[in-house]
Amino acid sequence: MPAGKTLHSTIDPSVSSFFETRLSESRTLFERALQVVPGGVYGHTSPAAGLPGVFPYFAESAEGCRFTDVDGNQYLDFMCGFGPIVLGYRNPEVEAAAAAAKEKGNLYNMPSRGFVELAERIVERVDFADWAVFAKNGSDVTTWALQVAREATGRKKVLQLKGAYHGVDAWCAPGFGGIIEEDRVHIHRFEWNKIDSLIGMLDSLKDQVAAVFVTPYHHPTFSPSEMPVDGFLTKVQSECNRRGIVMILDDIRAGFRLHSGGSHRCFDFEPDIACYCKAIGNGFPISAAVGRDSLKTAAAKVFLTGSYWNNADAMAAAATCIDILERDQIPARIESMGNRLCRGLTEAAASHGYRMICSGPRAAPYPFFDDDRNLRKIQEFCGKAIRKGAFFHPHHNWFLSAAHDEPAIDEAVAIADECLAEMAATREES
Ligand SMILES: Cc1ncc(COP(=O)(O)O)c(C=O)c1O
């Protein structure tokens, strides 16, 4: 099949002229990718997960809170690489620390000094942690944490929240391709903010449950985020403690962005293990799991390794990033910019007759329109915004970084206001 034909099948014809002019290099690269990569681009960065034919498909460079696509268009960014960029793209201190480590060699036959220093740093920073391990991606550590819980308890069952995402491994991947029934036979799902749903499940599974996975707030895919109701996570913790179950906090999306000691500090609970990834290395590939002393023996028995997991540059980047988060009180700054953004968006929407709600924490808001069941309004809004130079995502929570200052937020709100005015004008015409 000719490449162009394959490509056009994914694109709404009404937007194709924009695509062909302002995004022509993105289009060419995507056509080439389709020939040699299954699906062209896959996962959360695939065009189908955003706005096909409207969002650029490939990036060229980035700095601070802006990125440039392969056609040279620049955008004010509100996705931060889907989370990892917490200090802003190419933060000079993090880049310098990573470059200094890399200069000496980067990957050796054994870990470098930075490995121990980073473990010490994280254990010091996260209040309940007595140990830490490192990997590359979030999925590496969520799956490993599940195994540690099974090793520690000698039990098989694992509970997770309905709609929660914990990575790409067979026990939790959102898709069904290549998954067999047995992969998930011991995985059960309870409901967010409904402690009775958890207790009922724990009662019926009796002494078989090894782990309960939670997130600090609920961030289901393609849906608004939900904060915990008072006492929910505390009750999950006490049920786990009472029954000898390992409580695992998947803090990959929010950890160190909401609080420089882990997001559990914003709520009233302490897990047994926490998993971190986005926001600890400012874009350098690194993830971490931390845990309590009582799980250290079990943790030592669960094999954990990867060819690149000891790279010194990512360790140095993470140590520097974690220090800056604390030193400059970045989570508070990001929250205040998030407040400014959310207030600006909701006021602009109201002034044009729309109700926009910013769900979730201000550092990673999930904005949506009231009464938008088929998601048309948010898609139209984000489609207009990208043409005016702001990258807002219609189906995923947004992320703010320390590089988003007041002028950047005000620029984003002004763009949002223009988009809403145009939407209101077409609504009135029709
Ligand atoms: C809450 C949560 N858990 C786990 C993961 C998986 O992380 P990774 O994509 O780095 O494997 C993600 C990724 O978005 C996530 O948001």
Side-chain angles (χ1 to χ4, degrees), residues 41-46 49-50 78-86 133-149 158-175 179 184 187 189-190 192 211-228 233 236 247-259 262-264 266-267 271 273-290 304 306-309 311 314 317-318 321 359-361 363-366 393 395-401:
V41 176
Y42 38 79
H44 64 296
T45 58
S46 100
F78 283 88
M79 287 309 288
C80 296
F82 284 80
I85 305 301
V86 67
V133 298
F134 305 108
K136 284 289 168 209
N137 290 294
S139 309
D140 301 333
V141 282
T142 51
T143 296
W144 179 80
L146 176 154
Q147 291 173 299
V148 171
V158 171
L159 270 52
Q160 67 164 100
L161 289 156
K162 276 186 191 156
Y165 179 65
H166 297 301
V168 293
D169 290 327
W171 66 272
C172 61
I179 308 286
R184 295 177 184 181
I187 309 295
R189 291 183 175 79
F190 66 105
W192 175 253
V212 171
F213 271 84
V214 293
T215 49
Y217 64 97
H218 196 35
H219 39 60
T221 321
F222 281 88
S223 305
S225 301
E226 289 174 55
M227 300 308 267
L233 291 164
V236 175
M247 182 181 188
I248 302 174
L249 171 64
D250 177 346
D251 207 2
I252 281 160
R253 182 115 21 132
F256 287 81
R257 189 177 236 99
L258 301 194
H259 193 292
S263 337
H264 68 284
C266 303
F267 307 99
I273 296 181
C275 302
Y276 303 112
C277 178
K278 299 177 195 283
I280 62 170
N282 204 49
F284 283 84
I286 185 156
S287 58
V290 304
L304 176 71
S307 296
Y308 301 100
W309 289 10
N311 273 20
C321 179
S359 67
Y366 185 109
H393 204 289
H395 310 136
H396 195 286
N397 70 266
W398 307 357
F399 292 95
L400 277 86
S401 75

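Remember, it's 1-based here, ligands and their atoms both numbered in the order they're listed.
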K.L.:
Once rounded to the nearest 0.5 Å, what's the spacing between atom CD1 of I179 and atom CH2 of W171?
P.N.:
11.5 Å
K.L.:
Checking side chain to side chain contact (heavy atoms under 4.5 Å, CB included) against Q160, which of I248, T215, I187 comes through?
P.N.:
I187
K.L.:
Between H259 and F267, is any pair of side-chain heavy atoms under 4.5 Å apart?
P.N.:
no
K.L.:
Should the pair H393 and H396 be assigned to parallel (<30°), tilted (30 to 60°) or perpendicular (>60°) ring geometry?
P.N.:
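Perpendicular: the ring planes of H393 and H396 meet at over 60°.
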K.L.:
Passes side-chain hydrogen bond (donor to acceptor under 3.5 Å, both in side chains), D169 versus T143? Steps please.
P.N.:
CA-CA 7 Å; D169 290 327; T143 296; 2.5 Å; yes
K.L.:
Can you pull every nitrogen or oxygen pair between ligand 1 and the protein closer than 3.5 angstrom?
P.N.:
from: ligand 1; atom 1: 3 (N); to: Y165; atom 2: O; distance (Å): 3.2
from: ligand 1; atom 1: 3 (N); to: D250; atom 2: OD1; distance (Å): 3.3
from: ligand 1; atom 1: 3 (N); to: D250; atom 2: OD2; distance (Å): 2.6
from: ligand 1; atom 1: 10 (O); to: G138; atom 2: N; distance (Å): 2.8
from: ligand 1; atom 1: 11 (O); to: G138; atom 2: N; distance (Å): 3.3
from: ligand 1; atom 1: 11 (O); to: S139; atom 2: N; distance (Å): 2.8
from: ligand 1; atom 1: 11 (O); to: S139; atom 2: OG; distance (Å): 2.6
from: ligand 1; atom 1: 14 (O); to: K278; atom 2: NZ; distance (Å): 3.2
from: ligand 1; atom 1: 16 (O); to: R253; atom 2: NE; distance (Å): 2.9
from: ligand 1; atom 1: 16 (O); to: R253; atom 2: NH2; distance (Å): 3.2

K.L.:
What verdict does the side-chain hydrogen bond (donor to acceptor under 3.5 Å, both in side chains) test give for H166 and D250, after you've listed the backbone C-alpha separation in whole Å, the side-chain angles of each residue and the deciding distance to 0.1 Å?
P.N.:
CA-CA 7 Å; H166 297 301; D250 177 346; 2.7 Å; yes
